[in-house]
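Only a predicted model underlies this, so the values are computations on that prediction, with no experimental measurement involved.
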Amino acid sequence: GAFCGALYGLGHTIHELTINRPEDDQIGFFVKLSNDAKIYDFTLNNIFIQGRNHVGSLASQALESVLIKNIHINGNSGCDPNIGLGNVQGEMIGGLVGSNNGDIINCSFSGNVTGGKYGVGGIAGINSGQIANSYSKANIIGHDGKYNSSHIGGLVGINSNGIIKNSYSQSSVIGNSYVGGLIGYMNNGTIYNSYSSGFVSAQEHVGGFIGGTKKGPMYSVTFDDEI
């Protein structure tokens with residue numbers, strides 16, 4: 001079920017969390033965050049999370065009115081523990097959350113995000129809310145050796161009517177199409193004062209900052225990626 005309360009971590013760290021459920025959907029420390037849930041001030045360190053669709057280290061989904069602030073993740077999130085060797089057709093996989101419709105502020109992810117065919121990102125697989133003052137330093141591998149993957153980004157796989165500001169990605173990002181250093185695919189939304197750097201690789205629709213875009217304004221953005 002969904003968590004709709006408040007958790008104040010008070011700066012504590014949770015170590016060695018493992019969730020190994022490769023055939024299940026909605027996998028994370030919280031299954032789902034909803035109804036004004038507020039999550040503050042803690043770190044998940046040296047973790048391993050494995051699921052299929054909607055997978056995130058903190059939560060599979062953060063719905064509207066959710067606030068996630070000062071959460072830092074060090075570990076692995078994805079469809080398969082073997083980087084680049086997965087065979088699960090997972091969707092919406094993020095280092096922090098699988099999908100975001102709330103507010104993510106001052107958060108980070110460092111580690112590996114692997115597997116998945118659609119919507120994979122260092123912070124969120126898909127963002128329709130706000131991500132601010134946050135970053136990812138990750139190895140992100142969308143394609144899994146069997147299925148083509150698309151919409152893979154260093155920070156966000158798909159930005160759909162979302163806002164990203166004062167955020168960055170310093171990540172290696174690999175997929176098949178619509179692969180970007182910061183965002184895999186921009187479907188409306190707005191980006192302010194953000195940048196990406198690292199290595200980006202794809203067969204088509206690849207960009208140092210954004211792999212592909214429908215539309216959406218960008219203000220004060222930079223990228224320095226090897227493609």
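Distance check, rounded to the nearest 0.5 Å: CD1 of Ile131 to CD1 of Ile164 gives 5.0 Å. Note: Tyr192 OH to Ile163 CD1 = 6.0 Å, rounded to the nearest 0.5 Å. Ser171 contributes atom OG, which lies 13.0 Å from atom CZ of Phe199 (distance to the nearest 0.5 angstrom). Rounding to the nearest 0.5 Å places CD1 of Ile73 at 12.5 Å from OG of Ser136. Residue Leu17 holds its CG atom at 6.5 Å from CG of Leu44, rounded to the nearest 0.5 Å. Annotation: the span from Ile104 atom CD1 to Ser167 atom OG amounts to 9.5 Å, rounded to 0.5 Å.
Using a 4.5 Å cut-off between side-chain heavy atoms of Ile, Leu, Val, Met, Phe, Trp and Tyr, with links allowed through other members, Ile47 and Ile68 fall into the same hydrophobic cluster. In terms of hydrophobic clustering, with Ile, Leu, Val, Met, Phe, Trp and Tyr side chains grouped at heavy-atom distances under 4.5 Å, Ile105 and Leu155 are assigned to different clusters. Transitive grouping of hydrophobic side chains (ILVMFWY, heavy atoms separated by less than 4.5 Å) brings Ile152 and Phe209 into a common cluster.
When each of Asp103, Ile39, Leu33 is tested with Leu67 by the rule side chain to side chain contact (heavy atoms under 4.5 Å, CB included), just one qualifies, namely Asp103.
The heavy-atom pair separating Phe109 from Ser57 by the smallest distance is CE1-OG, 3.9 Å. Nearest heavy-atom pair, Ala202 versus Ser177, reported as atom, atom and distance to 0.1 Å: CB-N, 4.4 Å. Between Ser194 and Leu182, the shortest heavy-atom distance links the atoms CB-CD2, 4.2 Å.
Applying the side chain to side chain donor-acceptor pair (under 3.5 Å) test to pairs two or more places apart or on separate chains, those with a residue in residues 29-39 are Asp36-Ser65. Pairs of residues two or more places apart, or lying in two chains, that qualify as side chain to side chain donor-acceptor pair (under 3.5 Å) and include a residue from residues 4-21 are His15-Asn45, Glu16-Asn46, Arg21-Asp24.
Residues meeting the ring pair (Phe, Tyr, Trp, His ring centres under 6.0 Å) test with His72, sequence neighbours left out: none. Residues passing the salt bridge (charged side-chain N to carboxylate O under 4.0 Å, His left out) test with Asp25, sequence neighbours excluded: Arg52. Under the side chain to side chain contact (heavy atoms under 4.5 Å, CB included) criterion, Asn166 pairs with Asn133, Asn193, not counting sequence neighbours.
A heavy-atom distance below 4.5 Å is not found between the side chains of Ser60 and Ile27. Ile71 has its side chain within reach of Phe42: a pair of non-hydrogen atoms, C-beta onward, lies under 4.5 Å apart. Looking at heavy atoms from C-beta onward, Ser99 lies in side-chain contact with His54 at the 4.5 angstrom threshold. Side-chain atoms of Val31 and Phe3, non-hydrogen and from C-beta on, never get closer than 4.5 Å to each other. Counting heavy atoms from C-beta outward, Ile123 and Asn100 have side chains that stay 4.5 Å or more apart. At a threshold of 4.5 Å between non-hydrogen side-chain atoms, the residues Ile210 and Ile191 count as touching. The side-chain heavy atoms of Ser149 and Val120, taken from C-beta on, include no pair separated by under 4.5 Å.
Applying the under-4.5 Å side-chain rule to Ile, Leu, Val, Met, Phe, Trp and Tyr, the cluster around Ile126 extends to Met92, Tyr118, Ile158.
Classification of the His151-Tyr185 ring pair by plane angle, with boundaries at 30° and 60°, yields tilted. The aromatic rings of His205 and Tyr178 lie parallel to each other, their planes meeting at an angle below 30°, with 60° marking the opposite boundary.
Between the side chain of Ser196 and the backbone N or O of Gly208 there is at least one donor-acceptor pair closer than 3.5 Å. The main-chain N or O of Ser128 is never found under 3.5 Å from a side-chain atom of Asn161 such that the two would form a donor-acceptor pair.
For Glu64 and Asn101, the side-chain atoms include no donor-acceptor pair closer than 3.5 Å.
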**Item:** Audit row: Asn74, Ser110, side-chain contact (heavy atoms from CB on, under 4.5 Å) steps and yes/no
**Value:** CA-CA 5 Å; Asn74 299 297; Ser110 300; 3.6 Å; yes
**Item:** Intermediate values then yes/no, side-chain contact (heavy atoms from CB on, under 4.5 Å), Leu58 and Phe30
**Value:** CA-CA 6 Å; Leu58 181 68; Phe30 295 98; 4.1 Å; yes
